[in-house]
Engineer: 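Next up is a structure, given as structure tokens.
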Amino acid sequence: MTDKEHLYVSTIAQCGSVTKAAEQLYISQPSLTQALHRLEAEYGSPFFHRGRGGLLLTRAGRTYLEAADRMEQLFQKMQYDIEKASGLLQGQLNLGITAFQGGILLPEVLNSYRQQHPLVDLKLMESSSAQLEQLAYEGRLDLIILHRPFRDYELEYIPLHKEEFYLAVSPENDDYLGAVAQGGYMPILDRDILNRQEFLMLTANQRIRQVADNVCTLAGVVPKIRFSTSSFMTALAMVEKDMGATFVPASFANFYRNRCHVAYFRFPPEWNAGWELVAAYAGNNPLSQLCMEFIRVTQECIAEMPEVFR
């Protein structure tokens with residue numbers, strides 16, 4: 001049994017279809033079918049039968065997967081025990097992170113992690129939250145750093161930092177000037193002010209947009225979207241030119257505060273305008289010592305950046 005064979009059988013079982021599994025694994029359907037047939041011939045028993053919902057595991061298939069999962073867990077425990085005994089971590093860590101956090105948090109974390117664990121081979125993938133969720137769920141990434149709420153998959157996670165969102169507007173925005181004139185820095189939004197804004201929204205597949213849509217729903221507002229963009233910095237630059245308003249996480253506002261001259265409203269607590277940075281992983285893929293050390297280093301770096309992660 002190889003890791004690849006284990007992944008193939010597990011993915012087919014999850015998808016209920018060789019064709020769908022091949023798409024998730026980024027291999028051709030004939031190649032996956034041949035691999036499955038070779039494996040079944042090796043063990044002398046079919047692993048799947050066709051049911052109403054697609055392909056279902058046979059008794060032999062379930063036995064194979066259960067044994068393969070136990071072997072993987074034992075192997076990971078062996079690695080952990082050896083690494084703990086030697087006092088020096090080694091191995092490969094497949095890490096995923098979103099592009100936004102790649103620019104804010106990752107440089108500090110990578111520098112610290114490599115200094116403490118120089119023998120770890122760290123493989124990094126930067127992608128969208130949706131893609132990272134899928135790859136972690138499939139076991140192709142050991143650990144991902146992204147924000148909850150999750151969109152498509154249920155993953156295990158360890159909390160890293162929770163924060164609120166702001167609404168960024170031009171300092172010349174009439175509603176902002178009126179609210180500030182009544183006293184207070186970063187005034188609280190009400191529904192009427194929110195309803196009057198034109199929005200510069202991120203694209204629908206991005207996590208910030210997911211939070212923005214949820215806030216508008218809870219506020220009872222249908223947003224008037226002036227432009228959509230995949231770039232947070234483009235949206236913020238357009239806000240600076242008084243072209244609309246956009247949703248901004250507090251850490252992003254802190255990190256970019258000297259680059260863009262914008263003003264901020266805060267949201268009422270009942271609109272649930274916030275998210276949580278987490279280290280997430282597949283529930284059937286227990287955390288290795290490499291992952292646990294990366295989480296520890298990340299937590300330390302966040303604590304050492306109070307100007308960003310307040």
Engineer: Any side-chain to backbone donor/acceptor pair from Q92 onto V120? Under 3.5 Å, distance only.
Structural biologist: no
Engineer: Run the ring-centre check on F232 versus F252 and record whether the distance is less than 6.0 Å.
Structural biologist: yes
Engineer: Out of V278, L146, I144, which one pairs with L155 under the side-chain contact (heavy atoms from CB on, under 4.5 Å) rule?
Structural biologist: I144
Engineer: For F48, check ring-ring contact (aromatic ring centres under 6.0 Å, His included) against everything at least two apart and list the hits.
Structural biologist: none
Engineer: Should V169 and L202 be regarded as members of a common hydrophobic cluster, given that ILVMFWY residues are connected when their side-chain heavy atoms come within less than 4.5 Å of each other, either directly or indirectly?
Structural biologist: yes
Engineer: What I want to check is whether the side chains of T19 and Q29 have a donor and an acceptor closer together than 3.5 Å.
Structural biologist: no
Engineer: Determine whether F247 and Y166 make a side-chain contact, defined as any pair of heavy atoms from C-beta on separated by less than 4.5 Å.
Structural biologist: no
Engineer: Answer yes or no: is there a donor N or O on one side and an acceptor on the other, between the side chain of E198 and the main chain of R226, under 3.5 Å?
Structural biologist: no
Engineer: Can you check whether R148 reaches Y157 side chain to side chain, under 4.5 Å on heavy atoms?
Structural biologist: yes
Engineer: Tell me if a side-chain donor or acceptor on N94 pairs with a main-chain N or O of D142 at a distance below 3.5 Å.
Structural biologist: no
Engineer: Would you mind checking if R196 and D192 are paired as a salt bridge, meaning a charged N to carboxylate O distance below 4.0 Å?
Structural biologist: no
Engineer: For residues L132 and V109: do they belong to one hydrophobic cluster (side chain heavy atoms under 4.5 Å, members Ile, Leu, Val, Met, Phe, Trp, Tyr)?
Structural biologist: no
Engineer: Are the charged groups of R296 and E300 less than 4.0 angstrom apart, N to O?
Structural biologist: yes
Engineer: For Q210 and R207, which I'm curious about, is there any donor-acceptor pair between the side chains at under 3.5 Å?
Structural biologist: yes
Engineer: Going by atom types only, do E276 and H161 share a side-chain donor-acceptor pair under 3.5 Å?
Structural biologist: no
Engineer: Within the 4.5 Å heavy-atom criterion, are Y8 and L25 side-chain neighbours or not?
Structural biologist: yes
Engineer: Ignoring hydrogens and angles, state whether a donor on the side chain of S112 or Q116 is under 3.5 Å from an acceptor on the partner side chain.
Structural biologist: yes
Engineer: Answer yes or no: is there a donor N or O on one side and an acceptor on the other, between the side chain of T11 and the main chain of L7, under 3.5 Å?
Structural biologist: yes
Engineer: Are any of the side-chain nitrogens in E23 or K20 under 4.0 Å away from the carboxylate oxygens of its partner?
Structural biologist: no
